[in-house]
**Student:** 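First the structure, which I've put down as structure tokens, then a few questions once you've had a look.
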Amino acid sequence: MSDPERVVVRLRSHGRALVLPALLLCGIAFGTTFALGRVAWPLWDLVVWTLALVLVVVLCLVPTLAWLSRRVVVTSRRVIVRSAFGGSKRDVPLSRIHDVTLRRQGLQALLGSGDVLLSTGGEQPVTLADVPSASLVQRTLTDLVATTPGMPRMEDAARVDSAPRLEDLA
């Protein structure tokens with residue numbers, strides 16, 4: 001009997017994606033309070049409030065909801081990448097993954113985040129974009145791929161102090 005599928009980790013992209021919408025919200029609030037009552041035109045306050053509402057929705061609410069809608073779930077058998085806004089869902093069985101690569105650029109290296117690329121063969125690699133604790137996610141995925149049924153087992157993959165090498169999987 002095979003083991004039941006279990007959730008190993010649930011991820012979202014790094015929370016720093018919300019810094020710009022938060023700063024913009026503060027700026028919009030400041031600009032709105034500054035602009036109210038500045039012009040003698042009777043509809044001026046209505047125009048200011050309408051513009052502020054549109055800016056908050058477009059620049060703050062939409063990016064926040066987009067961040068909340070993108071999720072990655074790693075189970076003991078597969079990696080599931082979901083985006084509710086785009087309505088896309090991608091399942092990648094661990095048995096199809098042959099390479100797990102970590103890519104860090106600029107600020108990602110300072111904050112410990114990064115992009116984890118899952119190579120599955122002929123098609124374009126699946127990218128887990130800007131995940132927090134990216135090196136831990138990469139090691140976890142490498143361990144899961146190494147212990148997936150159908151993949152060659154490594155003698156030292158169960159030891160915590162040794163990281164499996166991807167060259168040994170081929």
Side-chain angles (χ1 to χ4, degrees), residues 1-25 55-160 162-170:
M1 181 188 295
S2 68
D3 293 332
E5 185 174 22
R6 61 184 168 76
V7 174
V8 176
V9 66
R10 297 175 201 267
L11 300 168
R12 292 192 197 283
S13 61
H14 198 275
R16 78 168 181 277
L18 299 177
V19 170
L20 183 60
L23 290 175
L24 288 172
L25 182 63
L55 288 175
V56 164
V57 168
V58 171
L59 299 177
C60 303
L61 190 61
V62 169
T64 302
L65 290 176
W67 179 80
L68 285 170
S69 74
R70 289 187 298 268
R71 308 183 280 277
V72 175
V73 178
V74 178
T75 70
S76 57
R77 294 185 185 165
R78 59 192 170 144
V79 177
I80 306 162
V81 181
R82 291 184 181 151
S83 176
F85 270 172
S88 64
K89 177 183 173 185
R90 181 142 188 213
D91 276 349
V92 180
L94 291 177
S95 60
R96 291 189 53 215
I97 299 172
H98 63 82
D99 185 31
V100 181
T101 306
L102 174 61
R103 181 179 62 196
R104 288 183 168 166
Q105 299 172 348
L107 192 58
Q108 288 179 331
L110 286 172
L111 297 175
S113 64
D115 299 336
V116 178
L117 306 172
L118 308 175
S119 298
T120 57
E123 57 191 63
Q124 189 155 356
V126 175
T127 303
L128 309 180
D130 201 23
V131 294
S133 303
S135 58
L136 179 62
V137 171
Q138 180 202 19
R139 273 185 277 143
T140 302
L141 281 167
T142 302
D143 289 344
L144 285 171
V145 167
T147 58
T148 299
M151 296 298 287
R153 299 240 180 219
M154 296 175 13
E155 293 76 27
D156 62 344
R159 289 189 7 209
V160 175
S162 69
R165 297 180 343 163
L166 293 176
E167 297 85 37
D168 297 336
L169 295 177

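It should be emphasised that the depicted structure is a prediction, and the values quoted were computed from it without experimental measurement.
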**Student:** Please find the pair of heavy atoms, one from Trp67 and one from Gly15, that lie closest to each other, and give the distance.
**Tutor:**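 It is CZ2-CA, 4.0 Å.
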
**Student:** The criterion is side-chain contact (heavy atoms from CB on, under 4.5 Å); which residues satisfy it with Leu107, sequence neighbours excluded?
**Tutor:**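 Counting only residues at least two positions away or on another chain, Leu107 forms a side-chain contact (heavy atoms from CB on, under 4.5 Å) with Arg16, Leu110, Leu111.
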
**Student:** Atom CG in Leu20, atom CG in Leu25: separation rounded to 0.5 Å?
**Tutor:**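 So the gap between those two atoms works out to 11.0 Å.
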
**Student:** Partners of Gln124 by side-chain hydrogen bond (donor to acceptor under 3.5 Å, both in side chains), sequence neighbours excluded?
**Tutor:**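 Gln124 satisfies side-chain hydrogen bond (donor to acceptor under 3.5 Å, both in side chains) with no residue once adjacent residues are dropped.
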
**Student:** Determine whether Leu128 and Leu141 satisfy the following criterion, side-chain contact (heavy atoms from CB on, under 4.5 Å), listing intermediate values before the conclusion.
**Tutor:** CA-CA 11 Å; Leu128 309 180; Leu141 281 167; 4.0 Å; yes

**Student:** How close do Cys60 and Pro21 get, counting heavy atoms only, and between which atoms?
**Tutor:** SG-O, 3.3 Å

**Student:** Under the 3.5 angstrom rule, does the side chain of Ser76 hit a backbone N or O of Arg6 as a donor-acceptor pair?
**Tutor:** yes

**Student:** Under the salt bridge (charged side-chain N to carboxylate O under 4.0 Å, His left out) test, which residues partner Arg12, sequence neighbours left out?
**Tutor:** none

**Student:** Can you list the residues that meet the salt bridge (charged side-chain N to carboxylate O under 4.0 Å, His left out) rule with Arg90, with sequence neighbours excluded?
**Tutor:**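 In terms of salt bridge (charged side-chain N to carboxylate O under 4.0 Å, His left out), with neighbours along the sequence ignored, Arg90 is linked to Glu123.
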
**Student:** With a 4.5 Å cut-off on side-chain heavy atoms, are Leu118 and Val100 touching?
**Tutor:** yes

**Student:** Test of understanding: with side-chain contact (heavy atoms from CB on, under 4.5 Å), list the residues that count as partners of Leu23, not counting sequence neighbours.
**Tutor:** Val19

**Student:** Under the salt bridge (Lys or Arg N to Asp or Glu O under 4.0 Å) rule, what pairs show up with a residue in residues 104-116, not counting sequence neighbours?
**Tutor:** Arg103-Asp115

**Student:** Just verifying a value: how many Å separate Thr120 OG1 and Leu94 CG, rounded to the nearest 0.5 Å?
**Tutor:** 12.0 Å

**Student:** Gln138 side chain to Val116 main-chain N or O, any donor-acceptor pair under 3.5 Å?
**Tutor:**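 A pair under 3.5 Å: no.
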
**Student:** Taking all atoms of both residues into account, what is the closest heavy-atom pair of Ile97 and Val92, and its distance?
**Tutor:**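 Of all heavy-atom pairs spanning Ile97 and Val92, the closest is CG1-CG1, 3.7 Å.
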
**Student:** Would you mind listing every salt bridge (Lys or Arg N to Asp or Glu O under 4.0 Å) that reaches into residues 57-67, with sequence neighbours excluded?
**Tutor:** none

**Student:** Show the nearest heavy-atom pair for residues Ser113 and Pro132, with the distance to one decimal.
**Tutor:**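 Where Ser113 meets Pro132 most closely, the heavy atoms are CB-CA, 4.1 Å.
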
**Student:** Does the side chain of Gln108 reach to within under 4.5 Å of the side chain of His14, using non-hydrogen atoms?
**Tutor:**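 Not touching, per the 4.5 Å side-chain cut-off.
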
**Student:** Report the residues that fulfil side-chain contact (heavy atoms from CB on, under 4.5 Å) with Val73, sequence neighbours left out, ordered by chain and then residue number.
**Tutor:** Val7, Arg10, Thr75, Ile80

**Student:** Check side-chain contact (heavy atoms from CB on, under 4.5 Å) between Thr140 and all other residues, then give those that pass, not counting sequence neighbours.
**Tutor:**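 Only Val8, Leu136, Leu144 meet the side-chain contact (heavy atoms from CB on, under 4.5 Å) criterion with Thr140.
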
